[in-house]
There are 2 protein chains.
Amino acid sequence: MPPSTPAPRRGRVTIADIARRAGVTPAAVSLAVNGRPGVSDATRERILGIAKELDWEPSPAARALAGAPVLTIGMVLARPADVLGSEAFFGAFGAGLQEVLSARDYALQMKIVDSPEAEVETYRRWFAQRRVDGVVMVDLRVDDPRVPALEALGEPALVVGGPGHHGSLPAVYVDDALAVRLVVEHLASLGHRRVARVAGTASFLHTAQRDAAFEAVGAELGVGTVLQDAGYGAEGAARATADLLATEDAPSAIVFDSDEMALAGAHVVLESGRAIPEDVAVVTIEDSPLARSHRPPITAIGRSAVEYGRLAASRLLEVVAARGDRSSGTFESRVIEPELLVRASTDPSAPKSPMDGALRSSVS
Amino acid sequence: MPPSTPAPRRGRVTIADIARRAGVTPAAVSLAVNGRPGVSDATRERILGIAKELDWEPSPAARALAGAPVLTIGMVLARPADVLGSEAFFGAFGAGLQEVLSARDYALQMKIVDSPEAEVETYRRWFAQRRVDGVVMVDLRVDDPRVPALEALGEPALVVGGPGHHGSLPAVYVDDALAVRLVVEHLASLGHRRVARVAGTASFLHTAQRDAAFEAVGAELGVGTVLQDAGYGAEGAARATADLLATEDAPSAIVFDSDEMALAGAHVVLESGRAIPEDVAVVTIEDSPLARSHRPPITAIGRSAVEYGRLAASRLLEVVAARGDRSSGTFESRVIEPELLVRASTDPSAPKSPMDGALRSSVS
DNA sequence: CTGAAAGCGCTTACAG
DNA sequence: CTGAAAGCGCTTACAG
């Protein structure tokens with residue numbers, strides 16, 4: 001085999017091939033395939049036909065080098081691996097992101113790092129290398145240092161979290177204050193007079209906002225409130241729950257920040273010999289299949305993480321598209337309305353088990 | 001603002017800049033930064049210093065266009081979004097992948113699709129566009145159509161699953177037959193004479209292999225076995241468990257294919273008034289924080305999904321590096337040894353709750 | 001061991 | 001509305 005043959009990059013079809021076949025210049029092909037004016041409709045049709053026939057795939061590298069978008073969005077997570085694995089939120093959120101991005105031919109690039117500094121450095125490098133057209137930043141914290149860092153980069157970035165604390169960056173978020181209000185109102189209407197909240201990572205903005213709303217709505221409705229920090233994770237939640245139950249003036253309802261925490265807490269309640277919801281009602285602010293399939297099913301706030309991901313993706317693509325558009329000014333944010341899903345863990349009249357029907361029919 | 005200015009791509013430092021400063025040609029810079037022979041050590045040092053000083057970031061697009069690797073690995077998942085969210089495996093596996101890839105400056109690109117055909121089409125496009133240097137394929141099935149499709153592409157691809165059914169593609173997998181053997185031997189040693197297995201998605205290769213090993217080891221040890229297909233997911237597992245308990249000759253131990261399934265099954269057991277492990281022992285073949293924090297903690301096979309992901313990444317990078325190396329022939333596979341983690345859901349002498357100590361100390 | 005050139009595949013001004 | 005050219009930033013043969 002003569003190694004001198006220039007190895008014609010086996011099989012790659014380029015716009016030059018299409019141009020040749022169509023009897024036009026590569027530039028005309030470029031205009032045609034990108035749906036830009038400059039070629040007649042007839043020519044465009046012909047070029048598109050040939051491209052399809054030749055099975056042409058555009059080269060993202062060439063496009064990027066010539067200044068076009070690279071069609072990639074980045075997301076970096078500064079969380080330990082096992083947290084990512086055990087919390088339902090990220091899988092569903094990522095799935096929603098993917099769905100919208102894929103439909104627009106965008107890829108999602110992900111990276112896990114171990115500090116906010118490494119996260120910011122990743123953003124810097126990604127943009128410097130032109131690896132991404134934009135990024136989505138999650139786990140917003142109070143006075144988050146990543147916000148000014150992203151503002152300084154001046155590249156398309158979307159914050160997941162709010163309201164507030166996202167500076168001049170566009171954001172999407174769930175109205176956590178409203179979520180907490182729905183929960184507390186629900187519990188108050190059931191007659192609870194003393195309610196506890198077992199809270200996740202204290203530095204997250206939504207944790208602080210939930211804390212504040214919890215106190216406020218409790219005071220407003222005359223419901224006694226008690227707050228327990230637990231950090232995310234089953235162990236902290238179990239410990240916090242045990243502590244609460246050991247109190248003299250133990251609460252008759254406990255609200256957890258995540259599905260994983262609620263499951264762990266519910267175990268502790270049941271193990272102590274108390275009944276759910278008769279002795280202690282249980283609520284999770286993060287719904288999941290596990291919350292649904294628990295016995296009894298756990299009342300939850302349905303944030304629909306998938307929908308949340310979809311919204312984030314479409315919002316970020318808008319920002320990317322508007323890039324450089326100085327006239328657009330500060331981007332407005334978008335809010336998701338939370339919804340309360342009442343289940344048997346708070347309301348005895350709700351079905352105790354979603355599986356009853358299924359069981360019966362499978363016995364036949 | 002005169003729009004005629006050629007807008008010198010604000011701030012981008014290129015190898016031309018470095019070459020100018022160093023008094024060499026761009027080609028020399030390329031050789032130097034890529035650690036290739038062709039420049040003297042002194043020159044190389046000088047060039048590297050200048051590159052660092054100028055904060056130079058190589059352009060992946062330019063590199064890719066010139067034929068170099070794009071430093072990206074792809075993974076596509078053909079699973080519904082909610083399954084991804086509720087199973088611990090993917091988060092941890094993905095984290096392990098990331099860790100190794102990031103250390104080698106590789107990015108991970110992900111996509112969720114809804115069919116094996118769409119998955120194969122994604123591989124084809126990714127390689128056609130040179131978006132990735134290699135892919136990792138998960139959820140191997142018996143006679144999986146994706147295997148011949150990837151073989152035909154002839155691009156670097158790693159199969160997660162086996163042994164067998166991965167054709168000529170390199171693979172990494174957990175020894176599922178051994179995992180099942182460890183579990184059944186453990187249960188037999190505790191005196192169980194009738195054991196059930198609640199199995200996940202039947203078409204997955206590892207499900208079939210676990211089924212076969214379950215029957216075989218049961219027969220070998222004189223333990224009666226009963227198999228229940230449930231599909232993945234809490235609902236199917238709950239139903240299967242209820243069915244098993246309703247049997248005249250009910251098993252004294254139940255082995256589940258995933259943590260989510262085991263949790264749902266354990267609820268059904270407890271709800272029926274039976275004690276774990278006194279009346280029914282429970283095991284999961286997929287460990288997770290939820291299995292650990294359950295009351296009682298659930299005996300599990302520790303596959304260490306994070307480690308699994310790390311292995312997959314390093315194996316795939318080897319394959320990518322060896323690409324075109326015709327001499328290497330068929331790639332050998334790599335196996336992970338499963339490990340049995342005995343907890344209170346099978347062994348009454350194991351601590352009933354990992355939190356007892358923590359609770360006690362926090363009460364002080 | 002070093003230097004100058006060609007080329008990767010595309011897009012974007014810029015002339016006709 | 002169409003055509004020919006330059007350029008994006010890098011790597012790889014190919015001469016000296």
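As the structure is a computational prediction, the values presented were derived from the model and not from experiment. Order of the sequence lines fixes the chain letters, A, B, ..., with proteins taken first and strands second; residue numbering starts at 1 for each chain.
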Worksheet entry | Separation of B/Asp55 CG from A/Arg125 CZ (nearest 0.5 Å) | 10.5 Å
Discussion item. Working to the nearest 0.5 angstrom, can you tell me the gap between B/Trp56 CH2 and B/Ile47 CD1?
Written reply: 10.5 Å
Would you mind reading off the distance between [X] atom [atom1] and [N] atom [atom2], rounded to a whole angstrom?
X: B/Asp17; N: D/dC8; atom1: CG; atom2: P; result: 11 Å
X: A/Leu31; N: C/dC10; atom1: CG; atom2: C1'; result: 12 Å
X: B/Glu57; N: D/dG9; atom1: CD; atom2: C1'; result: 14 Å
X: A/Arg46; N: D/dT2; atom1: CZ; atom2: P; result: 10 Å
X: A/Ile47; N: D/dC1; atom1: CD1; atom2: C1'; result: 13 Å
X: B/Arg20; N: C/dA4; atom1: CZ; atom2: C1'; result: 16 Å
X: B/Leu54; N: D/dG9; atom1: CG; atom2: P; result: 14 Å
X: A/Leu65; N: D/dC8; atom1: CG; atom2: P; result: 9 Å

What nucleotide, of [options], holds the atom closest to the side chain of [X]?
X: A/Ala62; options: C/dG3, C/dC10, D/dC10; value: C/dC10
X: B/Ala66; options: C/dG7, C/dG9, C/dT2; value: C/dG7
X: A/Ile15; options: C/dC10, D/dT2, D/dC8; value: C/dC10
X: A/Arg63; options: C/dT11, D/dC10, C/dT2; value: C/dT11
X: B/Val39; options: C/dT2, C/dG3, D/dG9; value: C/dT2
X: A/Ser40; options: D/dT11, D/dT2, D/dT12; value: D/dT2

Checking all strands, does [X] fall into the base, sugar-phosphate, or nothing category for heavy-atom contacts under 4.0 angstrom?
X: A/Ala27; answer: base
X: B/Arg36; answer: sugar-phosphate
X: B/Val29; answer: nothing
X: A/Pro58; answer: sugar-phosphate

Practice prompt. Write down the atom of A/Arg130, the atom of A/Val70, and the distance for their closest heavy-atom approach.
Written response: O-CG1, 3.4 Å
Practice prompt. Please give the nucleotide sitting opposite D/dG3 as a Watson-Crick or G-U wobble pair, both distances under 3.5 Å, or none.
Written response: C/dC14
Discussion item. Do B/Met75 and B/Phe93 make a side-chain contact, defined as non-hydrogen atoms from C-beta onward lying under 4.5 Å apart?
Written reply: yes
Worksheet entry | Distance below 4.0 Å between A/Thr14 side-chain N/O and C/dG9 OP1 or OP2 | no
Discussion item. Is the phosphate of D/dG9 approached by B/Ser59 (side-chain N or O, under 4.0 Å from OP1 or OP2)?
Written reply: no
Discussion item. Just to verify, which of B/Glu151, B/Glu119, B/His166 counts as forming a side-chain hydrogen bond (donor to acceptor under 3.5 Å, both in side chains) with B/Arg146?
Written reply: B/Glu119
Discussion item. Determine whether B/Glu99 and B/Arg104 satisfy the following criterion, salt bridge (Lys or Arg N to Asp or Glu O under 4.0 Å), listing intermediate values before the conclusion.
Written reply: CA-CA 9 Å; B/Glu99 190 185 305; B/Arg104 309 267 226 97; over 6 Å; no
